Number of protein chains: 2
Amino acid sequence: MRDGDAHGAEEPASEQQSSDGVTIPEPQDRAKAIPEAAVARLAVYLRVLSGFAEQEVHTVSSEELAVAAGVNSAKLRKDLSYIGSYGTRGVGYEVAVLIGQIERTLGLTQQHSVAVIGIGNLGHALANYGGFPSRGFPVAALFDLDPDLMGVPVGGIPVDHVDDIPRVCAERDVTIGAIATPAKGAQDVCDRLVQAGVRCVLNFAPVVLQVPEEVEVRKVDLAVEMQILSFHVARRSQETSESTASGAEADGAAQSKTRDVNAGVNPVDGMVVRP
Amino acid sequence: MRDGDAHGAEEPASEQQSSDGVTIPEPQDRAKAIPEAAVARLAVYLRVLSGFAEQEVHTVSSEELAVAAGVNSAKLRKDLSYIGSYGTRGVGYEVAVLIGQIERTLGLTQQHSVAVIGIGNLGHALANYGGFPSRGFPVAALFDLDPDLMGVPVGGIPVDHVDDIPRVCAERDVTIGAIATPAKGAQDVCDRLVQAGVRCVLNFAPVVLQVPEEVEVRKVDLAVEMQILSFHVARRSQETSESTASGAEADGAAQSKTRDVNAGVNPVDGMVVRP
DNA sequence: CACTGTGAAAGATTTCACAGCA
DNA sequence: TGCTGTGAAATCTTTCACAGTG
């Protein structure tokens, strides 16, 4: 679920409509027409497709791609239909074409420089995360409060003071800020980022950030994820009642050791690099 | 969001219905009746409420709580209505009561031991994350492949080898596994966790895990979050067209330095502890 | 009177199922 | 024939708006 996004107000929406009142997917508002939920999945498809490309797989059917991405094929086809018709009936999709189109749709053709604020464990992990640069998100700036960290290079980039956020972000053309500070400092850091013209924030701090409506915030909250899992544990143990025949045994196909399809996925994406 | 969840099949749903065919919210399936989306938000309300409790605020209205949590008050009231009627009309909610009821609903009255697999930067961050133990998720076991790490304590817990997952998880009664390994190892680690009886997985590796249907997986994927942000940047810069009067200036109330409401939220939740 | 709790409407997302094309 | 692309139905989620209550 979703998942977790945190922006209150909606933009005034200057709906582009054809004169007869029916919204048609013209180039201009094609982007606007894609459901939020589908966008999130497109990013997943992109990763899976990269895996296929690496294994020299050139064509996939909606069914294959759907299984690899963990969704059903109808949903996948509908999602892809939002970005256009790039499949071949009776055959499937060309991996390279689909990658290109999804990248275009997600705006990945241009680079987005990232600033990481809060260089603790998580900040280190983010600064070193191989998946970012390789996917068009170079980490361009690091910030912290700790005087001992100033100038210390982490993942090749020297740490600056949070007071320099406006200057440094402007200089290095930062478009995304990743807030990995403790809760207390998060809103303050966020305000500085907004001042500096950053319009996209990825918030790891356990706080609901207050931002002007033109700023997009996405929140990653570990405690919340845990609690959602906890809810499901609780719900299950509560279902001690009937162990329905069909429910008892696993789906056979589902459990299998290290499935081929994802086995070699994008090695550059290794999550963790030790300091 | 939202967020992002990743479980394919649904359970066969042995719907409890009253004999006349209308589903009534009996204690048994009360949990089942709560929409997935509402569960995620309940966890957020819980955090905000903890903040209020700490500031010695004993009563909140739906409006206050909604603002602090970044949702609208109608949604908040509906969400709370799923867990029961604990408000007082004309007054609001008692903070302590609400905290208790949400905790009960989310199954937080019992502890859930967590195992972290993959002790790199992210693993360190997770092992040291103060928000877990304080919220009923003690980190009880750490695993890695690296021989140099075996027995080394991280956040007070010695690292074990991934081969010992079944034994150690059973011994320490682990219910949640947090996979912070590189992509390659993730499915293998996941399989071992499932073998060990773990039914809840928080997956940070950029892979779609294949699991039996009784296992719940939640995925946190940084690259995907970035790409969603990228999409919104792209959409906006595409909207170079009309700069609608209302859209140009910020919402006044929204932007304000370090809002009171969240200023002192749960200090124990500090995201990052330096090694 | 102020605020909760909730049916019912509106909107968004998912699923179905099949027409249509290579 | 096999698979895509997509209207239409089903389902889930949000919002509205107001009756009901301490």
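On a predicted model such as this, the values are computed, not experimentally measured, just so you know. Per chain, numbering begins at 1; letters A, B, ... match sequence-line order.
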Q: Calculate the interatomic distance between A/Glu64 atom CD and D/dC3 atom P; express it in whole Å.
A: 8 Å

Q | Contact under 4.0 Å: B/Arg41 side-chain N or O vs D/dT13 OP1/OP2 | A | no

Q) In whole angstrom, what separates A/Gln101's CD from D/dT4's C1'? A) 16 Å

Q: Measure the distance from CG on B/Leu76 to P on D/dT13 and round it to the nearest whole Å.
A: 17 Å

Q) Minimum heavy-atom separation for B/Arg199 to B/Val194, with atom names? A) NH1-O, 3.4 Å

Q. Base, backbone or nothing for each nucleotide of nucleotides 1-8 of chain C, written B, S, -, heavy atoms under 4.0 angstrom, 5' to 3'?
A. -BBBBBBB

(Q) With a 4.0 Å limit, can you tell me whether A/Asn72 has a side-chain N or O closer than that to the phosphate oxygens OP1/OP2 of C/dT14? (A) no

Q.
Could you tell me if the side chain of B/Thr88 sits less than 4.5 Å from the side chain of B/Thr59, heavy atoms only?
A. no

Q: Report the distance from atom NZ of B/Lys75 to atom C1' of C/dA12, rounded to the nearest whole Å.
A: 12 Å

**Q.** Spacing of A/Glu36 atom CD relative to C/dG11 atom P, expressed in whole Å
**A.** 18 Å

Q.
Looking at A/Arg104, is its backbone amide N or carbonyl O close enough to the side chain of A/Thr109 to form a donor-acceptor pair, meaning the two atoms are under 3.5 Å apart?
A. no

**Q.** Short side-chain donor-acceptor distance under 3.5 Å, A/His112 and B/Gln227
**A.** no

Q. Going from CD on B/Gln101 to OG on B/Ser85, what distance comes out if it is rounded to the nearest 0.5 angstrom?
A. 10.5 Å

**Q.** Distance (rounded to the nearest 0.5 Å) between B/Phe204 CZ and B/Lys219 NZ
**A.** 10.0 Å

